[in-house]
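Shown next, in structure tokens, is the structure this report addresses.
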Amino acid sequence: MTTPSPMTVEFLQPDEAAKVDAALLSSQEKFLTRLAIYALRSLQQISQTTQTPAEEITPDQVADWIQQDATIQAQVDVDASFATFFSNLVVASQKPLVQICQETEQPLAQITVEQIIDWFERESKRRLQS
């Protein structure tokens with residue numbers, strides 16, 4: 001289970017970044033993996049704040065969370081275009097995260113970084129073999 005940590009603008013912890021760097025993935029796939037890990041963390045925090053299942057969080061809820069998060073506000077110049085861009089990235093990552101939940105039969109809140117990396121590696125192998 002991934003425990004939500006306080007939000008920072010650093011998208012991954014150093015150990016998480018090292019695990020993604022070591023994965024057998026292309027640069028694009030590593031980017032998507034990093035994005036999914038950060039989205040998971042964000043969705044978990046939004047879920048706790050709004051009492052909404054992470055799978056059901058909307059772009060508007062992500063944008064509201066960005067506007068209310070003091071850490072992000074202090075570290076990033078948040079305007080409407082950033083909030084929309086960031087919200088769409090987080091919500092786009094829900095699809096692979098939901099697929100991981102279905103495969104592992106776990107709620108999104110209990111998905112781990114290792115499971116995300118493993119899923120992206122398996123998807124990469126599947127695409128290469130087809």
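Because the structure is predicted, anything quoted here is derived from the model rather than measured. We're numbering straight along the sequence, starting at 1.
- Here the CD-NZ distance, from E121 to K125, works out to 6.0 Å after rounding to the nearest 0.5 Å.
- Rounding to the nearest 0.5 Å gives a distance of 12.5 Å between NZ of K19 and CG of D118.
- I57 has its side chain within reach of S47: a pair of non-hydrogen atoms, C-beta onward, lies under 4.5 Å apart.
- Residues A83 and Q67 come closest through the heavy atom pair CB-NE2, 3.7 Å.
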Candidate pair E16 and V20, rule side-chain contact (heavy atoms from CB on, under 4.5 Å), full reasoning: CA-CA 6 Å; E16 295 169 338; V20 173; 5.6 Å; no

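- Side chain to side chain, D60 and T58 fail the donor-acceptor criterion of an N or O pair below 3.5 Å.
- One distance of note links OG1 of T112 with CD1 of I37; it measures 9.0 Å at 0.5 Å rounding.
- Contact detail for D21 and K30: the closest heavy-atom pair is O-NZ, 2.8 Å.
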Trace of the side-chain contact (heavy atoms from CB on, under 4.5 Å) decision for V62 with S42: CA-CA 8 Å; V62 177; S42 300; over 6 Å; no

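- The line from OH of Y38 to CG of L40 is 12.0 Å long, rounded to the nearest 0.5 Å.
- Summarising the geometry of S87 relative to I66, their closest heavy-atom pair is OG-CD1, 3.9 Å, with the distance given to 0.1 Å.
- Remark: R41 CZ to L12 CG distance equals 6.0 Å, nearest 0.5 Å.
- The residues R126 and E123 are annotated as salt-bridged, a charged nitrogen and a carboxylate oxygen being separated by less than 4.0 angstrom.
- For the atom pair OG of S26 and CZ of F120, the computed distance is 10.5 Å after rounding to the nearest 0.5 Å.
- Annotation for F82: atom CZ counts as buried by contact number, over 12 foreign heavy atoms lying within 6.0 Å.
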